[in-house]
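One structure is given here, and the rest of the page talks about it.
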Amino acid sequence: MFGDYSIGDLGSIFVMQGFAGLILFSVYVLMALGLAIIFGQMGVINMAHGEFMILGAYVTWMTSNVFQSYLPGLFGGYFFLAMILAFLASGALGMLVEWALIKHLYKRPLDTLLATWGLSLILQQTYRSVFGPREVGVELPQWMLGSLKVTDSIEVPINGIFVMGLTLLITVVVAYVLYKSRWGRQVRAVVQNRIMAGAVGINTEKVDRYTFGLGCGIAGVAGSAFTMIGSTGPTSGQLYIVDTFLVVVFGGAASLIGTIASAFSISQTQSTLEFFMSGSMAKVLTLLAVVGILMLRPQGLFALKVRK
Amino acid sequence: MIITSRFFNRSELIGFVALALVLFVILPLSLDVFRLNLVAKYLTYAFVAIGLVLCWGYGGILSLGQGVFFGLGGYCMAMFLKLEASSVENTKIQSTPGIPDFMDWNQITSLPLFWQPFHSLTFTILAIILVPGLFALIIGTAMFKRRVGGTYFAIITQAIAAILTILIVGQQGYTGGINGMTDLRTLKGWDIRPDHAKIILYFVEVVLLFACIGIAQFIRLTKLGRILVAMREQEDRVRFSGYSVANFKIFAFCMAAVFAAIGGAMFALNVGFMSPSFVGIVPSIEMVIYTAVGGRMSIFGAVWGSLLVNFAKTSLSESFPQLWLFGLGALFIAVVLAFPNGLSGIWQDYVQPRIDRLLAMRKPKSKNGWSDTSVADGAPAE
């Protein structure tokens with residue numbers, strides 16, 4: 001297996017593979033952050049999370065089209081506006097869904113699963129009717145194309161670096177919002193004891209709605225970032241949903257650090273295994289390992305020490 | 001006329017007779033063979049749905065991996081049928097005759113070891129029951145002994161469904177890959193494809209279905225069923241009363257797995273092929289919706305739910321493919337928000353009282369012997 005490569009080649013292959021793993025890691029973190037808020041903090045199983053991501057991707061695609069036709073001079077910067085729009089669109093839809101659907105189901109977590117699965121079917125068909133069944137790809141601005149040459153044999157793609165930077169930024173913002181801001185304290189208070197939080201004057205309904213909206217909005221940004229890496233179709237969202245849930249559960253549902261740690265270990269395992277075997281077997285082994293560890297340690301990697 | 005018995009209360013007896021009448025008499029007499037075969041296909045999901053009534057409705061354990069067990073049962077049956085269809089004279093044109101065609105296409109020259117025992121029908125029938133049963137036992141023991149339940153269980157079973165699908169699709173040479181196992185022809189030399197065979201298989205399936213209904217009903221009405229309900233409502237109290245909660249959950253989950261596997265095996269026989277598209281996440285969740293639409297607390301409701309949703313799916317997706325997904329999505333939401341006990345709940349809350357009132361006007365009220373009011377009972381709903 002290693003016979004054909006020199007030591008130097010192997011070194012660069014591992015660096016490149018490690019970097020591919022890092023990009024996958026960023027993607028997992030982006031996907032899982034929103035879900036960690038919705039599932040980990042609120043206990044809602046949102047099976048339509050993938051569809052919120054796809055909405056972000058479609059918004060990005062539309063923005064790029066608008067810039068291409070009407071503002072070709074500013075095309076280089078459309079991505080930043082697109083991400084904000086994706087956040088707003090997915091977040092607004094999320095708040096609407098919370099108001100219409102989720103708020104009736106807080107005491108029945110398993111039923112949120114069925115209801116949001118229904119929602120995901122409706123959203124998929126809506127995308128298919130509005131945008132057509134074919135996958136759409138976004139044209140990247142010039143500065144995101146190409147790659148950075150680190151050494152003679154090691155190159156890293158610029159859009160990968162951009163996704164990683166974006167992930168870092170969003171993670172820091174989310175951590176700040178949840179753990180330092182006044183609103184974040186309210187969110188955590190509602191999660192820990194809804195009745196008591198209401199009794200001390202927190203408007204729990206409003207907190208729920210904005211929390212759900214925030215989670216969905218982050219999903220939208222994740223979808224927007226995905227357009228840099230691959231194309232988007234009406235059913236792409238379903239492909240991510242199991243991975244995303246596993247990342248969150250594996251990390252320990254209510255822990256932000258856990259989510260990041262589990263995204264890192266899962267993505268690195270998968271990208272390393274992919275080098276040795278077919279992609280599908282690498283995926284099977286990774287998922288098996290995750291399920292196996294979860295059976296030994298059901299609370300996940302990082303469990304919050306709370307009494308239930 | 002008030003009939004009470006230990007096994008069925010009155011409304012359940014009506015439900016039982018109605019279902020038997022429809023499946024044994026009305027449908028076979030009124031449908032052509034093609035439509036009857038479709039009904040047989042829908043009924044294979046009813047096996048899964050009955051299992052889900054036990055483990056989800058009664059035990060409170062939502063499994064999103066029933067497609068796994070359906071698939072395991074189906075693949076066991078399909079492997080036997082495929083071996084019979086790949087006899088040496090049938091596969092003369094292959095570079096290695098005597099092995100299934102997809103192995104030949106994937107440059108596999110001899111039958112893999114785990115395929116060998118499937119030459120025997122006895123082994124196959126045992127495998128249909130034991131393989132999914134043991135698999136469920138392992139998953140159930142690992143999860144319930146450590147008190148993992150609810151949401152986490154649902155997500156992990158879902159991941160297992162994903163793993164099995166990727167595995168089947170990836171290992172094309174051993175499993176037939178994405179196309180699955182096609183071109184299944186005979187069962188012990190008896191051709192399963194012509195019309196009269198389809199009719200016989202239909203009746204075999206309905207008899208098996210009623211056997212499963214009987215077993216499920218038995219479980220429901222014995223102490224075991226009551227413990228399951230008690231566990232769903234107040235798990236800790238049952239545990240403190242000295243019952244091993246985990247063992248009861250494992251039992252319910254294994255029963256559901258075996259039912260699903262029987263359904264899968266009948267699917268392979270009736271439809272004539274098996275593929276990974278009946279194993280993964282999407283079919284598994286659809287199986288849950290059949291149960292939910294019929295009524296998660298009602299065994300008969302589960303059968304009606306499987307029939308009606310599949311019938312709607314076929315007829316709607318033939319003529320309005322777009323409408324179908326909207327409709328299915330709305331169905332999911334409506335079942336959760338508006339009628340959590342499904343069709344049997346509607347029947348029980350709205351139809352049954354009216355009938356009772358009509359009957360009560362004719363006859364003076366007399367005491368029922370044994371009736372179960374705490375647990376929703378099954379009745380058909382049209």
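Chain identifiers are assigned alphabetically (A, B, ...) following the order of the sequence lines, protein sequences preceding nucleic acid strands; residue numbering begins at 1 within each chain.
A donor atom on one side chain and an acceptor atom on the other are not found under 3.5 Å apart for B:N310 and B:Y45. A:Q270 and A:S267 share no side-chain donor-acceptor pair at under 3.5 Å.
Of all heavy-atom pairs spanning B:G295 and B:V53, the tightest one is O-CG2, 4.2 Å.
Between A:Y127 and A:Y58, the ring planes are tilted. Angles from 30° to 60° get that label.
For B:A154, the part lying near chain A is the side chain, with the backbone staying farther off; criterion is any non-hydrogen pair under 4.5 Å. For a residue to count as touching a neighbouring chain, one of its non-hydrogen atoms must lie under 4.5 Å from one of that chain's; by this rule B:A292 touches chain A with the side chain only. Neither the backbone nor the side chain of A:I241 has a heavy atom closer than 4.5 Å to any heavy atom of chain B. The contact between A:L113 and chain B is made entirely by side chain atoms (from C-beta outward), counting heavy-atom distances below 4.5 Å. Using a 4.5 Å cut-off between heavy atoms, A:M295 contacts chain B through both its backbone and its side chain. Using a 4.5 Å cut-off between heavy atoms, B:W56 contacts chain A through its side chain alone, with no backbone atom that close. Both the backbone and the side chain of A:T126 come within contact range of chain B, each with at least one heavy atom under 4.5 Å from a heavy atom of that chain. Only the side chain of B:I285 comes within contact range of chain A, with at least one heavy atom under 4.5 Å from a heavy atom of that chain. Contacts of B:V169 with chain A are absent, with no heavy-atom separation under 4.5 Å from either backbone or side chain. Residue B:I139 touches chain A through both its backbone and its side chain, counting heavy-atom pairs closer than 4.5 Å. Looking at A:I45, the atoms closer than 4.5 Å to chain B (heavy atoms on both sides) all sit in the side chain, from C-beta outward.
In terms of heavy-atom pairs under 4.5 angstrom with chain B, the leader among A:D243, A:T116, A:L101 is A:L101. In terms of heavy-atom pairs under 4.5 angstrom with chain B, the leader among A:L288, A:V290, A:L114, A:L285 is A:L114. Ranked by heavy-atom pairs under 4.5 Å with chain B, the first of A:V291, A:L105, A:L110 is A:L110. Interface check for chain B: of the options A:L287, A:L294, A:L246, A:L121, the most heavy-atom pairs under 4.5 Å are formed by A:L121.
The six-membered or imidazole ring of A:Y28 lies away from that of A:Y240, with a centre-to-centre distance of 6.0 Å or more. With ring centers used as reference points, B:F144 lies under 6.0 Å from B:F153. Taking the six-membered ring for Trp and the full ring otherwise, the centers of B:F311 and B:Y42 sit at least 6.0 Å from each other.
Counted within 6.0 Å of CG on B:L113, heavy atoms from surrounding residues, nucleotides or ligands total 12 or fewer; the atom is thus considered open. Annotation for A:E135: atom CD counts as buried by contact number, over 12 foreign heavy atoms lying within 6.0 Å.
A salt bridge is absent between A:E98 and A:K103: the closest approach of a Lys/Arg side-chain nitrogen to an acidic carboxylate oxygen does not fall below 4.0 angstrom.
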